[in-house]
Engineer: 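Before anything else, here's the structure in question.
Residue numbers begin at 1 in each chain, while the letters A, B, ... track the order of the sequences. On a predicted model such as this, the values are computed, not experimentally measured, just so you know. Worth knowing before you read on, the calculation uses all heavy atoms, side chains too, and leaves out hydrogens, waters and symmetry mates.
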Amino acid sequence: MNFTLFRSVLRNVTSVTYRSNKVFSLCGLPQVPRTIHTTCKQYDLMEFFDEKKNWNESNIRVGRSWKLDELRIKSNGDLHKLWYVLLKERNMLYTMEHECNENVKLFPNPERIDKVQESMDNIETVIRERNIAYYKLETGETGERSVDEVVNLLGLNEKYQKQEYYLPKFMNTRWVRSYFEHGYINSLAVKKFYRLYKEKLYNIERKARNRDFSHVQHLLKRFPDMDMEKLKAEYPNVDIEKAKRSKKARGHYMPKY
Amino acid sequence: MSTRWYPIYQKGNPQLRVFLPNFWMKLVRPEGRQQPSKVTFHCSIEMTKHDVKNYIEKIYNVPVVDVKTRIAMGKFRKDIGKGYIVKDDDVKFAYVTLPKTMKFDFPNIFEKKKGDGDDDMKSLDEAKKSFKNYIERNKDRSDVPSWFSI
């Protein structure tokens, strides 16, 4: 994977121009009115550690995470910069947490990691929204990965996320073999599996039915004057007249009929 | 998200591009003795050597000469109390070599500052103080349980 991201990344979203390799010079952009201010600008491996004044502290106060609505009004460039600020922050927190664990110390305010993670998730959401909007405008589709209902090799319906293949479907002789008349999908093993699977599903349904019926019988035994319409609405699959006639539904008193 | 999913072919080079990388890296203390120009990292398990190099060069602006990686398998251990077996996550180690001229010393974060009292003493003092407060508050009502307060 390559990180030369700065030229063609946002081409699809809006017209944002990047000066390549200068994306990280966050603090000194005079022509942009709203810049994101970061506390430290030291390009060094010490960025993996917290500021020196926070070492050995037991309580580090920080603000809240970025909200969706705040991020929606930012430009793509700002979001891109903010992402890297958050990424570095998260790396820093992971490093400090690891070091604390190694030294058997308490990591101060571990919720900072969650806050950074939430901000990053929100940025992703906003970028995704913009991407979808762009694709809908330009192509009429969302540009998301489409999901299909397919029958899998075990003969069951499955949600399949489409993906790219080197070979087109019609040329893939190996894949299609299992769907032929004597292929795997029609084999005895799959048929046996399907039969047992159906049996399992049927048993689940049957047990639920019996359980409901029995429960209604006991309800009738304990509360003979209850509202029958409500009972019918609660258990629509149960034959209430039949339940009433049964021996289990009779209480320890003289029957009224 | 779609950027997390690499298409087989896309227009333009380089083929693999990331807009918002979600890789993480931790700088960790080296296990043994290590040359001063080498740094040990833990990183996302899907990162390659090229990823590590690009990550540190582009995001942290630190030149990298060489990267070596390995994956350490997580430990198998019994869950305390339940007894079933738990496997810890695998970790990818990245050993990064900086140029000869650069040095990196892992900082000592938990070094004691001068004039700083011991943590245990501090907490003991606090406990004493709160106990004194509690006694003071309940002077006139010695039979009231400690959880009761107005």
Side-chain angles (χ1 to χ4, degrees), chain A residues 1-13 21 23-24 42-50 52 54-56 58 76 79-80 83-84 86-88 90-100 102-105 120 123-125 127-128 131-132 135 143-145 161 163-166, chain B residues 1-29 39 41-44 46-48 50-63 91 96 98 102-113 116 119 122-123:
Chain A
M1 196 183 325
N2 212 315
F3 277 86
T4 46
L5 7 111
F6 312 118
R7 246 159 290 138
S8 44
V9 276
L10 272 182
R11 192 172 44 190
N12 288 344
V13 186
N21 294 331
V23 163
F24 305 118
Q42 37 165 1
Y43 297 135
D44 194 10
L45 285 179
M46 283 313 280
E47 273 186 286
F48 276 98
F49 298 94
D50 210 345
K52 212 158 190 177
N54 284 340
W55 294 2
N56 257 331
S58 58
N76 285 322
L79 290 186
H80 196 233
W83 177 267
Y84 284 95
L86 292 168
L87 194 73
K88 281 182 172 180
R90 195 178 64 172
N91 283 347
M92 184 275 283
L93 293 172
Y94 282 167
T95 302
M96 296 305 280
E97 188 186 26
H98 187 84
E99 185 61 13
C100 284
E102 292 285 295
N103 286 290
V104 203
K105 301 271 184 187
M120 289 171 88
I123 289 183
E124 270 195 26
T125 311
I127 293 288
R128 195 168 181 164
N131 205 39
I132 288 173
Y135 267 89
E144 299 279 288
R145 237 170 128 172
Q161 279 199 317
Q163 64 186 63
E164 290 183 346
Y165 290 95
Y166 286 108
Chain B
M1 191 169 174
S2 54
T3 50
R4 301 273 173 269
W5 177 57
Y6 299 126
I8 283 176
Y9 174 78
Q10 53 183 326
K11 261 188 179 176
N13 275 328
Q15 278 294 297
L16 294 178
R17 286 167 269 177
V18 188
F19 175 37
L20 302 172
N22 56 355
F23 294 142
W24 55 265
M25 287 188 85
K26 279 183 205 172
L27 211 167
V28 298
R29 194 179 280 281
V39 193
F41 289 95
H42 289 181
C43 58
S44 304
E46 64 265 30
M47 277 175 101
T48 62
H50 299 289
D51 289 339
V52 173
K53 188 170 190 284
N54 283 323
Y55 196 93
I56 294 174
E57 282 186 345
K58 297 269 161 60
I59 299 180
Y60 286 92
N61 224 9
V62 173
V91 185
V96 172
L98 306 175
M102 288 178 72
K103 270 186 181 179
F104 180 75
D105 293 333
F106 199 90
N108 195 1
I109 289 164
F110 300 106
E111 213 171 17
K112 282 273 176 298
K113 276 180 250 166
D116 227 25
D119 288 354
K122 226 189 260 176
S123 61

Engineer: Can you check whether B:Tyr60 reaches A:Asp44 side chain to side chain, under 4.5 Å on heavy atoms?
Structural biologist: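 Side chain of B:Tyr60 against side chain of A:Asp44, heavy atoms only: no contact under 4.5 Å found.
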Engineer: So which of A:Met92, A:Glu97, A:Lys105, A:Glu102 has the biggest tally of heavy-atom pairs under 4.5 Å with chain B?
Structural biologist: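 The candidate making the most pairs under 4.5 Å is A:Lys105.
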Engineer: Tell me if the aromatic rings of A:Tyr84 and A:His80 count as close, with their centers under 6.0 Å from one another.
Structural biologist: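 Yes, they do, as the ring centres are separated by less than 6.0 Å.
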Engineer: Contact part of A:Tyr165 toward chain B, heavy-atom cut-off under 4.5 Å: side chain, backbone, both or neither?
Structural biologist: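 It is the backbone, since no side chain atom gets that close.
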Engineer: Using non-hydrogen atoms only, which part of A:Gln163 is less than 4.5 Å away from chain B: side chain, backbone, both, or neither?
Structural biologist: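 The answer is both parts of A:Gln163.
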Engineer: Where does A:Met96 contact chain B at under 4.5 Å (heavy atoms): side chain, backbone, both or neither?
Structural biologist: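 When you check distances to chain B, only side chain atoms of A:Met96 fall under 4.5 Å.
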Engineer: Salt-bridge test for A:Glu124 and A:Arg128: reply yes if a basic N is under 4.0 Å from a carboxylate O, no otherwise.
Structural biologist: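 So A:Glu124 does not pair with A:Arg128 through a salt bridge.
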Engineer: Counting C-beta onward and ignoring hydrogens, is there a side-chain heavy-atom pair between B:Leu20 and A:Leu87 closer than 4.5 Å?
Structural biologist: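 With C-beta onward as the side chain, the pair stays apart.
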Engineer: Is A:Asn91 close to chain B through its backbone or its side chain, or both, or neither, when contacts mean heavy atoms under 4.5 Å?
Structural biologist: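 For A:Asn91, the contact with chain B is made by backbone and side chain together.
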Engineer: Donor-acceptor pair, B:Tyr55 side chain versus B:Met47 backbone, under 3.5 Å?
Structural biologist: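 No.
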Engineer: Do the side chains of A:Trp55 and B:Glu111 get nearer than 4.5 Å, heavy atoms only?
Structural biologist: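 The answer is no, as the side chains (C-beta and beyond) never meet within the 4.5 Å cut-off.
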Engineer: Which bit of B:Phe104 comes within less than 4.5 Å of chain A, counting heavy atoms only: side chain, backbone, both or neither?
Structural biologist: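 Just the side chain, heavy atoms under 4.5 Å.
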Engineer: Quick check on B:Asn108 against chain A: is it the side chain, the backbone, both or neither that has a heavy atom closer than 4.5 Å?
Structural biologist: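 B:Asn108 touches chain A through backbone heavy atoms alone.
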Engineer: Is chain A contacted by the side chain of B:Phe106, its backbone, both, or neither, given a heavy-atom distance below 4.5 Å?
Structural biologist: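 The side chain, not the backbone.
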